[in-house]
There are 4 protein chains.
Amino acid sequence: MAIREEDVRARPGRPRDPACDAAILQAALEVFAEEGYAGVSIDGVAARAGVGKATIYRRWASKAELVVEAVRCGASVDDRLPDTGDLRADLTSMMQPLIDRLRGDDAKLLTMFAVERQREPELQEQFNQSVIGKKREHLRHLVALAIERGELPPDTDVELIAEVPPALIWHHALYGLPMADDFLERILNMLIPARP
Amino acid sequence: MAIREEDVRARPGRPRDPACDAAILQAALEVFAEEGYAGVSIDGVAARAGVGKATIYRRWASKAELVVEAVRCGASVDDRLPDTGDLRADLTSMMQPLIDRLRGDDAKLLTMFAVERQREPELQEQFNQSVIGKKREHLRHLVALAIERGELPPDTDVELIAEVPPALIWHHALYGLPMADDFLERILNMLIPARP
Amino acid sequence: MAIREEDVRARPGRPRDPACDAAILQAALEVFAEEGYAGVSIDGVAARAGVGKATIYRRWASKAELVVEAVRCGASVDDRLPDTGDLRADLTSMMQPLIDRLRGDDAKLLTMFAVERQREPELQEQFNQSVIGKKREHLRHLVALAIERGELPPDTDVELIAEVPPALIWHHALYGLPMADDFLERILNMLIPARP
Amino acid sequence: MAIREEDVRARPGRPRDPACDAAILQAALEVFAEEGYAGVSIDGVAARAGVGKATIYRRWASKAELVVEAVRCGASVDDRLPDTGDLRADLTSMMQPLIDRLRGDDAKLLTMFAVERQREPELQEQFNQSVIGKKREHLRHLVALAIERGELPPDTDVELIAEVPPALIWHHALYGLPMADDFLERILNMLIPARP
DNA sequence: ACATAAGCGAGACGGTACGTCTCGTCTTCTG
DNA sequence: CAGAAGACGAGACGTACCGTCTCGCTTATGT
């Protein structure tokens, strides 16, 4: 996660220019999409954003952090963690946007990011902490609640079930397997017993 | 892809020393397994292999090509396609070796290979056809047979179910999630209804 | 010639550290004096100066430029132009210091400087005008006066005689011929008839 | 001096191809004249001469030896060591060709060679041994004979006098001082007392 | 109102790896 | 054996980034 000040604005001195944040993230995203992680250079991003390097390092501690945030924003990975009391609805609300994106224009960006993560431990670390972790936790939470409500049998393997949707989605994306409109529906049908 | 000679041996001059190929690939593989892609440096590989840098660049045009080939050679895959008439047994026989390798020393190797495949369409294509495709086909075949035998309900989503084990295994591997000894058992428990 | 800034200090950004200039030139000079031109390596100079390679290449475009400047700075010349009325004394006073330096630690430095001048016409030009020219003129002046005083015969070839001492000194230096303590004395004995 | 077989031709096997000698020396000379010593690379010379590298190293032990011989041949530095019994004549016969060459088209080649010698200790060493040494020895020999014959006074400083002509010639060449047609004559007039 | 503290563009700095080049040696095959 | 071709170990070259550190300047705020 970036070194974002969450609010403070109690700090003395000149405040950070929000236009810089935008310009930097935009530039980073463009370069990443064009050249991949290795093609991103801080000097290059700074130049393209019309910004000094210090202005970047004041916000992000490393190239990895910058790229993570850029991709997260750029692909508008949404961080909503829904909890409506209906497992199907919640899972759909969390997973369908990912599927849509992986079937659309962002596909290349997202898979490229997934790939680069493996090549750059820093990147992986950063992303796991800032994004994946929370989602995983929430998925398990939703599954546990569903068991309590009786939507899933009591002996359900929570940790495992919670991984099935993202695992299948990414698996299909990475291997180029087709994901039809009813893809998520089929997954949920497999995981959630039909209501009697 | 590497600058491999087509084996002609009609070229004049001193032939390439095959011992160098081996030493370089071995060294690259070791460093890669220990430090990951970013940790591989040509100077380091050259030193460890007891070889000049030029000897590496004579064979591969860049670090990326070298690593791809090293991993491809190092990660030899086994391709048994069992069919004993028992789904649990067959899936175990197909999937457990993969899990074992992904939990063992080859883990980084295999995951990085999975990653590099994404960057080299040719490699991906070839690998899909020669290995993955057959396995996928066989898995579906096994699932279909299990339905016929009544081990799985008749309305089972064959294509989807068949992807779940590899998807979950790779998902855990790629995200560094723990895979305990009973990992495959839990997957099978989830997929296959308990025998009454 | 080096990429010297004209001292403007109107440039934006962090100014160059003068201590680096000094350290690099010093290190280059030392290596050069010890190992000769071919023995100078940028990595070596950088290491000895405690400086990154980029810091050198930011200032000089190549090894050659660096060495030229280092030597030029290191080989400061003295330019006394004596005129006591005694040819032997004046010539000794002008030439002995040169011999001493060429026999001492500065030998390699000075000869290499003489060499580099040949490769850098600009340097040669400037040096000829500012140092050599005046010395040559003064030598001829001294010889002419000596003729008037009768220390030398009236038909002496002024221009030629005036070149003999420096020519012989540099010739011996460049070819590594020995220059004993009485070297200058022998030259003068050859040129100036013994007083009756 | 090169590893020339001076004669042998008693060796078994295929004799060396004299055309190779010529092609290599020619190529080396061209590159040297165009690019200077540092610009000469064995690979480059081999390619330009249409010859394998081994064929060069079979004849010369190093780049320095090759370049020395190439320049010596190319500038047709003649190795005649005349001894007619007349000092003026012998000195003229030895020195005038050098002056002519330094005033003519070979000037650049020769001075460049003189310069590069200083930069490359190997080169200097090679050249001193193979060319300069013998000439210097012979000059001293001639001077000694002239003293015996009474052409020079008995107290003449042999070693010093012998160096004056080459020292003055090279001094003038390197500093761009004019050398008129009577340049050598003036030197000899200075050194050799007029015949009574 | 104006000092203070931080932001900003620019770019220097010590490092490290890159990919290229040359050296002088070694190894194959063909005449 | 000579010769053409070219692989080999070694190591310097000059470039490009990284992440940090000054510079001189600008911009809010808080007293």
With B for base contact, S for sugar-phosphate-only contact and - for none (protein heavy atoms under 4.0 Å), nucleotides 16-21 of chain F reads -SSBBB

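For C:Val51, counting side-chain heavy atoms from C-beta on, the closest listed nucleotide (E:dG14, F:dG6, E:dC8) is E:dG14.
Checking the phosphate oxygens (OP1, OP2) of E:dG14, a side-chain nitrogen or oxygen of C:Thr55 falls inside 4.0 Å.
Between A:Asp21 and A:Arg16 there is no salt bridge, since no side-chain nitrogen of the basic residue lies less than 4.0 Å from a carboxylate oxygen of the acidic one.
Because its NZ or CZ atom is not both nearer than 6.0 Å to the ring centre of D:Tyr57 and within 45° of the ring axis, D:Lys63 does not count as a cation-pi partner of that residue.
In this view, C:Phe32 satisfies the ring pair (Phe, Tyr, Trp, His ring centres under 6.0 Å) rule with no residue, not counting sequence neighbours. By the side-chain contact (heavy atoms from CB on, under 4.5 Å) test, D:Ala114 is found to be paired with D:Arg117, D:Trp170, residues two or more places apart in sequence or in another chain being considered. In this structure, D:Asp17 has no salt bridge (Lys or Arg N to Asp or Glu O under 4.0 Å) partners at least two apart in sequence or on a different chain.
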Could you list the donor-acceptor pairs under 3.5 angstrom formed between side-chain atoms of residues 43-53 of chain C and any protein atom two or more places apart in sequence or on another chain?
| unit_1 | atom_1 | unit_2 | atom_2 | d |
| --- | --- | --- | --- | --- |
| C:Arg48 | NH1 | C:Glu30 | OE1 | 2.5 |
| C:Arg48 | NH2 | C:Glu34 | OE1 | 3.0 |

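Distance B:Glu65 CD to E:dC18 P: 14 Å, rounded to the nearest Å. One atom, CZ of C:Arg48, and another, C1' of E:dG14, lie 19 Å apart when rounded to the nearest Å. In this structure, the CG atom of B:Leu66 is 14 Å from the C1' atom of E:dA17, given to the nearest Å. Note: CG (B:Asp17) to P (E:dT28) measures 9 Å, nearest angstrom. Distance, A:Arg59 CZ to E:dG9 C1': 13 Å, rounded to whole Å. We find that CD1 of C:Ile56 is positioned 11 Å from P of F:dG14, with the value rounded to whole Å.
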